[in-house]
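Keep in mind it's a predicted model, so treat the numbers as computed, not measured. For ligands, and for the atoms within them, numbers begin at 1 and follow the listed sequence.
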Amino acid sequence: MNSNKINTKCVQAGYTPGNGEPRQIPIIQSTTFKYDTSEDMGKLFDLEASGYFYSRLQNPTCDMVAAKIAALEGGCAGMLTGSGQAANFYAMFNICECGGHIVSSSSIYGGTFNLLAVTMAKMGIEVTFVSPDCSDEELNAAFRDNTKLVFGETIANPALTVFDIERFAKAAHAHGVPLIVDNTFPTPVNCRPIEWGADIVTHSTTKYMDGHGSCVGGAIVDSGKFDWMTHADKFPGLTTPDDSYHGITYAEKFGKEGAYITKATAQIMRDLGSVQSPQSAFILNLGLESLHVRMPRHVENGQAVAEFLEGHDKVVSVNYSGLKSNKYYNLAQKYLPNGGCGVVSFELKDGRAAAESFMKKLKLAAIETHVADARTCCLNPATSTHRQMTDEQLAAAGIPAGLIRMSCGLEDKEDLIADIKQALED
Ligand SMILES: *Cc1c(COP(=O)(O)O)cnc(C)c1O
């Protein structure tokens, strides 16, 4: 299965039915699993045998879908979580506890920024934010003795910056820590960070993977390439006995390829419990089955809309890494040769009022906080997510009042452009 191309993996990886078994992945809607003897069950609790006992830890439907996502990313193991927020938190907290430090790109999703800067700070975890465009000197200076990981987003939501994965992976590895990349926007169809040196990949499956705005969810994939034992002093959670699991040392018992996801499941998920439901996993899998067909259309529509807007006299600037004028065009050519995603942002000349009137006139594009959906949607941060800020504060934060983020869906691009064109008319 792993030698298959990504298109085939989208459709078939993660589940191969036996003779007479269901063709579609079964939804195992059961909290618990039955055993003949307590001895059988005991072995599961001791992680001596693999099997299911309680759906807070593992569920067969969720595991099949996680295995598909791991195969798509070229990783060795994966797990689903209840949301993208849970995926990023678990991915980091699995290897960074109180007293630890994280180097993160400053250009990341607002929810992840809050998670790091506010909530994880309250847990005694420190973070240093660096610009994704920082110099090598600035990047190296961000590391400390207690740094445990580096974090970034392949294409950042909403800034749409492109992350130089190879450069950040090299810096992380030079300091003996892994690189975690949130690959939500390009999806593995357009970029596979592990091929560029990332060690762990996370997703908000809520976005393109589900792709229909149906289910909130997340996923974590481990490359199995990071050698925890070589840096044993930095990662005691993986390299010393876990008292809450009968003294198991994950990196010894499960090796490079098994340690990280086993600990994240057996310890972090056991204790924090942000599971994805088997129903949601089933719906997510329906999305994954067409991901390779949908992503090129999202890119085609994003590119066409970006090019149209770039030539319009009411538009000050367009931010889309598929445009030659874009600051990240060269990085995008390297990491995203087939395009990035369908999300475009642009600034209208006459600020807040122009944005408000433009969005009111749109007929196909709906006003939503969502992105990465089959249906085109858009948002003006100044009148929604950032409405408490004045025009001056917005400008200082790099979010002009006339900025609009548009997530191009799967409609016909000529219809989308016609809709935008009429909405821009006086
Ligand atoms: C939406 C998003 C998240 C958070 O995911 P949820 O599923 O909403 O919890 C994290 N990272 C990125 C890049 C996102 O776009």
Just go through H370, K207, Q85 and tell me whose heavy atom is the nearest to atom 14 (C) of ligand 1. K207
Where ligand 1 meets S83 - atom numbers and elements under 4.0 angstrom, heavy-atom basis: 7 (O), 9 (O)
Tell me: protein heavy atom nearest atom 6 (P) of ligand 1, and distance? G84 N, 3.4 Å
Flag for D133-Y328: side-chain donor and acceptor within less than 3.5 Å: yes
Looking only at protein heavy atoms, which one is nearest to atom 13 (C) of ligand 1, and how far off is it? D182 OD2, 3.5 Å
Pair D242-Q267, side-chain donor/acceptor within less than 3.5 Å: yes
Contacting atoms of ligand 1, where contact means under 4.0 angstrom from a heavy atom of N157: 14 (C), 15 (O)
Can you confirm whether the side chains of S105 and S107 place a donor and an acceptor under 3.5 Å from each other? no
Judged on heavy-atom distance to atom 7 (O) of ligand 1, which of T206, T81, T184, D210 sits nearest? T206
Quick one: do the E356 and T383 side chains pair a donor with an acceptor below 3.5 Å? no
Considering the heavy atoms of G217, write down every atom of ligand 1 situated less than 4.0 Å from one of them. 7 (O)
Is the closest side-chain donor-acceptor distance between T128 and H101 under 3.5 Å? yes
Numbered atoms of ligand 1 (with element) below 4.0 Å of E153, judged on heavy atoms: 13 (C)
Residue pair Y109 / N88, side-chain donor-acceptor N/O under 3.5 Å: no
Are A372 and ligand 1 in contact, using a heavy-atom cut-off of under 4.0 Å? no
Using the benzene-type ring in the case of Trp, are the ring centres of F129 and F113 under 6.0 Å apart? yes
